[in-house]
Amino acid sequence: MLPERYCQLLTAYLDGELSPRRRKTALRLLRRSARARSLFRKLQSDSQRLRALPQPVPALDLSPRVLHAIAQQGLRPGPLADSAVAAAAPPAASALPGWLGLAVAASLLLAITGLSYLFFSGLQAGDQIEQVVEQQPAPEVAPKKGPPPEEPGLKVALRGLGSQGERKRLTQELRKETSYRLSLACRDSLQAVERLQRALRTRGVQLVMDRGARERVRRKEHNTTYLFYAENLEADELTALLHHLGVVAKGSAQEPPCESAVVSALTSAHRRDLAQLLGVSAENLAAPARALPAKDVPMPPLDTIIEGPPAEKAKTAEPPRKVPLPPARLALVLAADAVGPAGPGSEIQRFLQRRPPQRPGTLQVLLVLHDVRA
Amino acid sequence: VSADDHCLIAECLQGRSEAFGELVRRYQDRLYNTAYRLVGNAEDAQDVVQEAFLSAYQSLGGFKGDSLFFTWLYRIAVNTAISLKRKQRVALSIHSDPDQAGVVEPLDPSEESRPEHAAEQAEEERRVHQALGRLSPEHRTVLVLKEMEGQKYEAMAELLGVPIGTIRSRLHRARLELRELLSRDEA
């Protein structure tokens with residue numbers, strides 16, 4: 001059994017709550033002590049199990065119950081504080097006339113039809129938007145299937161990420177920006193979504209599926225282009241996800257679901273189109289700030305210490321396990337041909353309402369999973 | 001505080017309680033999620049969330065607007081849940097049926113489509129939830145705040161009104177206790 005103070009050091013290390021000096025001590029302990037490594041692995045696993053618990057939501061809307069209790073008990077809000085009076089002045093938006101909502105909804109409906117098409121086809125020029133909207137009168141957003149178009153960016157062969165050196169290089173590359181769009185060529189986009197889901201679950205990220213995507217997954221429909229949007233990912237987590245999509249599963253003869261990815265910066269045009277798709281303004285999807293000063297940088301990966309030397313690691317097809325980030329992170333999956341003019345569904349609304357703020361230095365990521373068989 | 005929240009708070013203070021309904025709808029899911037983890041069952045979690053909203057409503061005029069409205073609400077809800085859990089501690093240890101607690105349906109439809117996976121997943125969730133439920137309220141609270149809410153030690157200390165050192169040692173003991181419970185269950 002490890003002495004109490006060492007155990008405490010390891011739990012604080014797991015929580016990412018150590019000063020750089022104490023972190024070094026913890027790393028030294030992990031390097032030197034097999035018992036420390038064993039305990040740390042178990043604590044890390046417990047942590048992941050806790051974070052993987054599903055997030056319950058109330059079965060009912062509680063607002064009628066609360067309002068009923070307020071009325072029944074004759075409750076009144078407390079006296080108004082001066083600062084609250086000043087702060088509570090209604091913003092200009094609240095004075096907008098009621099018809100504006102309908103007008104906005106109608107324009108959004110039209111815009112979504114056209115912009116979704118633009119979004120998936122990778123068009124960026126603003127002056128082409130109107131033309132495409134006119135060409136897309138059908139109620140369903142243009143189904144976009146098939147292999148990804150040739151796009152500029154860094155091309156990554158996912159199979160190559162089996163090498164630790166390649167993963168490290170990609171992670172370093174991904175740390176240069178804070179928002180990315182990745183266009184992936186998938187042999188099986190459905191399997192890719194399922195793998196993403198499992199990989200995210202172990203990292204405490206809950207996947208929210210839009211109704212259209214959920215239907216396709218339920219019916220096990222292949223040949224669909226899926227869109228995956230996530231925030232608050234670390235660069236090494238994104239690398240691990242890509243690795244996960246490009247490796248052969250243990251004990252399986254099946255090809256991995258994805259072949260390659262083209263990595264490019266998420267441009268303002270991409271962001272604007274995504275915002276239209278989600279029914280929010282582009283400001284809501286602003287890129288996260290760059291990393292905080294060194295003292296707040298997340299702890300270094302423990303792979304080399306916990307999982308043995310690289311030669312040993314290369315034998316495994318599974319991507320390395322990392323200490324996950326704080327939970328409650330959400331990712332959204334949409335089916336490209338199922339985001340229709342009915343506008344953002346309740347799942348998208350739920351995602352937008354519940355997503356936590358973006359942490360500085362983390363990544364905002366849009367993956368477009370093209371099914372190359374289509 | 002977001003402009004929307006301010007607007008709704010102002011309307012509540014002017015006597016329009018429906019605006020408070022909107023605030024409830026806006027934040028109930030997040031509060032419920034935390035409350036559920038802290039108290040361990042749906043019924044109590046709903047009571048905690050309702051109680052927290054009622055307390056917030058009565059103190060709304062005192063909300064200074066120098067923190068997020070949700071943070072303020074969250075603090076009220078966490079304290080309500082801890083207080084309820086403390087009150088129920090003895091009663092729960094006698095009456096609760098751990099096998100019935102915490103079996104949460106998987107949210108993910110693709111998981112549902114694989115019966116054996118769903119069963120394993122449900123069993124795993126049951127084990128973890130049950131172990132979490134056996135911890136003392138203090139230990140359970142720090143684990144929930146840290147692991148499920150992603151709170152920093154400093155924020156947790158402020159929220160619970162204890163020194164950071166206490167948070168550190170509670171978390172340490174909570175993790176070891178949880179480890180012990182899970183190992184025992186797996187054995």
Side-chain angles (χ1 to χ4, degrees), chain A residues 7-8 11-12 14-15 17 42-43 46-47 49-67 69-71 73 75-81 83-84 86-91 93-94 193-194 197 204 206-207 209 214 217-218 220 325-328 350 353-354 356, chain B residues 1 3 6-7 9-10 12-13 17-18 20-22 24-26 28-30 32-33 36 42 45-46 49-50 53-54 57-66 104-110 113 124-125 128-129 132 143 146-153 168-169 171-172 175-176 178-179 182:
Chain A
C7 294
Q8 203 160 335
T11 52
L14 181 68
D15 291 334
E17 294 268 3
K42 287 171 184 165
L43 293 176
D46 292 346
S47 165
R49 291 168 78 178
L50 281 172
R51 292 174 188 215
L53 285 174
Q55 299 200 350
V57 289
L60 300 167
D61 175 12
L62 297 176
S63 59
R65 195 169 136 171
V66 171
L67 293 181
I70 288 174
Q73 295 171 36
L75 301 179
R76 293 273 176 276
L80 191 57
S83 55
S94 67
V193 168
E194 288 175 346
Q197 187 167 31
Q206 191 192 343
L207 205 60
M209 269 196 209
R214 201 167 58 215
V217 170
R218 192 179 62 78
K220 295 207 172 290
L325 284 168
R350 185 158 72 94
Q353 282 165 10
R354 293 173 57 177
Chain B
V1 182
H6 265 315
C7 198
I9 292 167
C12 293
L13 292 170
S17 58
E18 317 83 66
F20 195 69
E22 179 54 34
V24 174
R25 278 188 291 279
R26 193 169 287 188
Q28 61 181 351
D29 285 5
R30 288 167 74 185
Y32 177 84
N33 188 29
Y36 183 90
Q46 286 190 5
V49 174
Q50 175 173 332
F53 276 118
L54 292 179
Y57 184 74
Q58 288 174 282
S59 316
L60 209 53
F63 173 61
K64 300 280 194 292
D66 50 4
V104 181
E105 289 299 318
L107 297 173
D108 167 11
S110 73
S113 66
E124 160 71 0
E125 283 160 14
V128 178
H129 191 92
L132 194 60
L143 267 182
K146 184 71 210 172
E147 293 291 8
M148 290 151 178
E149 303 294 319
Q151 299 278 352
K152 303 292 281 181
Y153 284 4
R168 197 183 292 272
S169 61
L171 254 173
H172 158 65
R175 286 191 191 285
L176 294 185
L178 182 76
R179 175 93 294 278
L182 288 171

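Letters A, B, ... mirror the listed sequences (proteins, then strands); counts begin at 1.
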If you compare all heavy atoms of [X] against all heavy atoms of [Y], which two are closest, and at what distance to 0.1 Å?
X: B:Y153; Y: A:T11; result: OH-O, 4.0 Å
X: A:S63; Y: B:G21; result: CB-O, 3.5 Å
X: B:Q50; Y: A:A69; result: NE2-CB, 3.6 Å
X: A:S47; Y: B:R175; result: CB-NH1, 4.2 Å
X: B:Q151; Y: A:E17; result: O-OE2, 4.5 Å
X: B:S17; Y: A:L67; result: O-CD2, 3.2 Å

Nearest 0.5 Å please: distance from the [atom1] atom of [X] over to the [atom2] atom of [Y].
X: A:L43; Y: B:H172; atom1: CG; atom2: NE2; answer: 9.5 Å
X: B:F20; Y: A:I70; atom1: CZ; atom2: CD1; answer: 5.5 Å
X: B:L176; Y: A:K42; atom1: CG; atom2: NZ; answer: 11.0 Å

Cut-off 4.5 Å, heavy atoms of chain A, and the answer for B:E22 is neither
Okay, B:R168 and chain A: the region with an atom under 4.5 Å from a heavy atom over there is both
Output all residues satisfying side chain to side chain contact (heavy atoms under 4.5 Å, CB included) with A:D46, sequence neighbours left out; order by chain, then residue number.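 Partners of A:D46 by the side chain to side chain contact (heavy atoms under 4.5 Å, CB included) criterion, ordered by chain and then number, come out as A:R49, B:L178, B:R179, B:L182.
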Check your understanding: Can you find a heavy atom in the side chain of A:Q353 that is under 4.5 Å from one in the side chain of B:D29?
Key ->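 A side-chain contact under 4.5 Å is absent here.
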Test your reading of the model: is there a side-chain donor-acceptor pair from B:E147 to the backbone of A:L50, 3.5 Å cut-off?
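Answer holds: no.
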